[in-house]
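Take a look at the structure below.
Starting from 1, each residue takes its place in the sequence as its number.
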Amino acid sequence: MNKDNKFDISAPDVSIMPVKEPDCFVKPKVQIHPMIPNPYEGEMILIIGCIRAGKSTLIANLLHQKALWGDVWDDEVTIISNTIKNCAVSRFNLERWGDNCFELYDDQIIHNLRKSQEEKKASGHDNGFCLLLDDICGSIATSSNSRKGREVVNFCTRFRHYTARGNPCMIMLSNQKFLDISTIMRANATGVFISGAIKNKKELQSLEEEYGDAVGGSASFNEMIKRNQEKPYSWLYLRLSKSPCEVYLNFKERLY
């Protein structure tokens with residue numbers, strides 16, 4: 001700095017530069033549609049919808065349809081769902097990943113998943129993972145001070161570190177009520193799906209308060225919600241990982 005308190009333009013560049021990918025970077029094996037979440041970038045996705053909103057149908061399509069994520073994972077999907085064995089739509093998940101399907105949440109499931117990923121990563125046999133938490137928020141406290149469900153809450157803060165960079169890693173949490181989701185999990189979400197079937201004003205207000213500013217304000221958010229409600233089983237996807245946030249309607253139309 002000179003006597004006029006101005007920086008010398010010849011000083012070294014102090015710009016923040018992107019970090020070079022490590023030599024162990026894994027090249028994605030599947031090309032992902034640009035309007036859906038990309039597991040190869042590491043995604044924490046929330047799916048919010050009331051009963052009969054089509055949450056299970058959305059999940060089944062994402063996990064099994066080849067145009068979406070159908071070819072991304074082989075045996076690396078873990079599912080915790082209270083209705084996995086009595087939901088007709090979820091039967092495809094049970095048939096494909098039955099050994100990794102659990103009806104009740106237990107911290108030990110997450111502990112075992114983390115340990116397995118650490119061992120696979122260390123041995124070079126890591127292919128990534130997907131964890132689906134389907135309507136189990138009663139097993140996870142909303143407060144960050146509670147020990148209830150602490151293992152999965154902690155896992156959500158660092159899940160991308162348990163696989164080699166470039167491998168697909170995904171956590172999906174499906175729930176009927178937005179504010180029942182842990183505040184830490186909401187803060188770490190990279191994207192959220194909002195069902196067009198939601199008509200409850202308080203629920204929509206909670207979502208607006210959380211995401212309205214990210215999509216141009218309350219008026220803009222509410223206009224998108226109206227578009228989402230025009231047809232049954234419609235979904236609004238907010239890609240929170242982008243700056244500014246991107247918003248898509250049913251994977252076909254970009255709204256913001």
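Between Y105 and E151 the shortest side-chain heavy-atom distance falls below 4.5 Å. Using a 4.5 Å heavy-atom cutoff, the side chains of L132 and I80 are not in contact.
In this structure, CD1 in I171 is found 5.5 Å from CZ in F129, a value given to the nearest 0.5 Å. Atom CD1 of residue I140 and atom CD1 of residue I184 lie 11.5 Å apart, to the nearest 0.5 angstrom.
Listed here is the closest heavy atom pair of M224 and V247: SD-CG1, 3.7 Å. Closest heavy-atom contact between V30 and D71: CG2-O, 3.5 Å. Counting all heavy atoms, side chain and backbone alike, N82 lies closest to E103 at OD1-O, 2.8 Å. Between K121 and Y162 the shortest heavy-atom distance is CD-C, 4.3 Å. Contact detail for V72 and P168: the closest heavy-atom pair is CG1-CB, 3.5 Å.
Taking the six-membered ring where the residue is Trp, the centroids of Y211 and Y256 are separated by 6.0 Å or more.
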Side-chain donor/acceptor pairs under 3.5 Å, residues 46-57, sequence neighbours excluded:
{"from": "K55", "atom 1": "NZ", "to": "G49", "atom 2": "O", "distance (Å)": "3.0"}
{"from": "K55", "atom 1": "NZ", "to": "C50", "atom 2": "O", "distance (Å)": "3.2"}

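Looking at R227 and E230, a side-chain N of the basic residue comes within less than 4.0 Å of a carboxylate O on the acidic one, giving a salt bridge.
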